[in-house]
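Nothing fancy with the numbering, it's 1 onward along the sequence. Excluded from the calculations below are hydrogen atoms, water molecules and symmetry mates; all remaining heavy atoms, backbone and side chain alike, are included.
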Amino acid sequence: MVYLILVLAVLVVLFYFVPKRAAIILSVFAGIIAAVALGIYWQDLQEKKRFDQIEVNLSIEPDSCPDDKLLNTHIKNTSEQEIYRVHFYFNVYREGFSTAISRSYRNEVTVNKIIAPGNDYSTCTDLPEIDETIPRDELRFELERKRVWFEPPVI
């Protein structure tokens with residue numbers, strides 16, 4: 001806050017004494033700030049595009065998962081890069097309702113399987129604890145946040 005006040009004070013003084021130079025300096029700084037902001041925005045768009053190429057689907061699969069780990073996590077890599085780790089948060093809802101029903105505010109899963117481009121991977125995990133007794137076919141799983149590592153994680 002103090003720096004902002006100092007910058008504004010310097011600009012006021014510059015505009016008072018040398019308005020033409022101050023306008024040029026202000027234009028250069030505005031251009032630099034705009035270029036940096038545009039670069040950050042572009043990087044965020046590219047990262048989001050890469051993350052969207054990694055599909056994560058959660059479903060209850062009693063046929064392919066054991067009774068103690070009924071939640072099937074299916075990850076599909078449709079990107080052109082190998083992925084090394086996927087970490088995500090999800091929540092459980094009852095079909096037709098908007099309130100989460102799992103006891104945990106967020107349930108998290110980390111999959112450390114290296115998945116080549118165009119391949120997929122499935123694993124079975126524990127179902128989160130649910131507040132009510134609800135038929136399995138009425139459960140809906142939604143991803144809250146996803147993080148993908150396209151390079152080996154640093155330990």
Evaluate the criterion side-chain contact (heavy atoms from CB on, under 4.5 Å) for residue pair Tyr84 and Ile115; output intermediate values, then yes/no. CA-CA 7 Å; Tyr84 290 86; Ile115 306 171; over 6 Å; no
Go through the steps for Glu142 and Arg140 under the test salt bridge (Lys or Arg N to Asp or Glu O under 4.0 Å), then give the verdict. CA-CA 7 Å; Glu142 287 187 16; Arg140 186 180 82 235; 2.8 Å; yes
Assess the residue pair Ile134 and Leu139 against the criterion (side-chain contact (heavy atoms from CB on, under 4.5 Å)); give the C-alpha distance rounded to whole Å, side-chain angles, the decisive distance to 0.1 Å, and a yes or no. CA-CA 7 Å; Ile134 297 173; Leu139 297 178; 4.0 Å; yes
Pair His74-Asn72, side-chain contact (heavy atoms from CB on, under 4.5 Å): steps then yes or no: CA-CA 6 Å; His74 184 84; Asn72 183 301; 3.8 Å; yes
Test Leu58 against Leu143 for side-chain contact (heavy atoms from CB on, under 4.5 Å), laying out the working first. CA-CA 9 Å; Leu58 302 169; Leu143 260 69; 4.0 Å; yes
Got a list of side-chain donor-acceptor pairs under 3.5 Å for residues 145-153, not counting sequence neighbours?
residue	atom	partner	partner atom	Å
Lys146	NZ	Phe51	O	2.9
Lys146	NZ	Ile54	O	2.5

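Panel note: side chain Thr78, backbone Gln53; a donor-acceptor pair is recorded below 3.5 Å. Without hydrogens or angle criteria, Asn112 side chain to Arg85 main chain gives no donor-acceptor distance under 3.5 Å.
Between Arg94 and Ile101 the shortest heavy-atom distance is N-CD1, 3.9 Å. The nearest pair of heavy atoms linking Val92 to Pro128 is CG2-CG, 3.5 Å. In terms of heavy atoms, Val56 sits closest to Ile75 at CG2-CG1, 4.2 Å. A pairwise comparison of heavy atoms in Glu82 and Ala116 identifies CG-CA, 4.2 Å as the closest pair. The two residues Tyr93 and Ser98 have their closest heavy-atom pair at CE2-O, 3.4 Å. In terms of heavy atoms, Ser59 sits closest to Glu61 at OG-OE2, 2.9 Å.
The CG atom of Asp52 sits 10.5 Å away from atom CD of Glu47, with the distance rounded to the nearest 0.5 Å. For the atom pair CD1 (Ile83) and CG (Asn77), the distance works out to 4.5 Å, reported to the nearest 0.5 Å. Atom-to-atom distance recorded for Asn91:CG and Thr99:OG1 is 10.5 Å, nearest 0.5 angstrom. For the atom pair Cys124 SG and Asp67 CG, the distance stands at 11.0 Å (nearest 0.5 Å).
Between the side chains of Ser102 and Asn107, at least one donor N or O sits under 3.5 Å from an acceptor N or O.
Between Asp44 and Lys48 there is no salt bridge, since none of the side-chain N atoms of the basic residue sits less than 4.0 Å from a carboxylate O of the acidic one.
Atom CD of Glu95 has more than 12 neighbouring heavy atoms from other residues, nucleotides or ligands inside a 6.0 Å radius. The local environment of CD in Glu55 is crowded, with over 12 non-hydrogen atoms from other residues, nucleotides or ligands closer than 6.0 Å.
Here the side chains of Phe141 and Asn57 are not in contact, with every heavy-atom distance at 4.5 Å or above. Taking the side chain as every heavy atom from C-beta outward, Leu70 and Pro62 approach each other to under 4.5 Å. Using a 4.5 Å cut-off on side-chain heavy atoms (C-beta onward), Tyr121 and Thr123 make contact.
Residues forming a ring pair (Phe, Tyr, Trp, His ring centres under 6.0 Å) with His87 (at least two apart in sequence, or on another chain): Tyr89.
Both Ile130 and Ile60 belong to a common hydrophobic cluster when Ile, Leu, Val, Met, Phe, Trp and Tyr are linked at side-chain heavy-atom distances under 4.5 angstrom.
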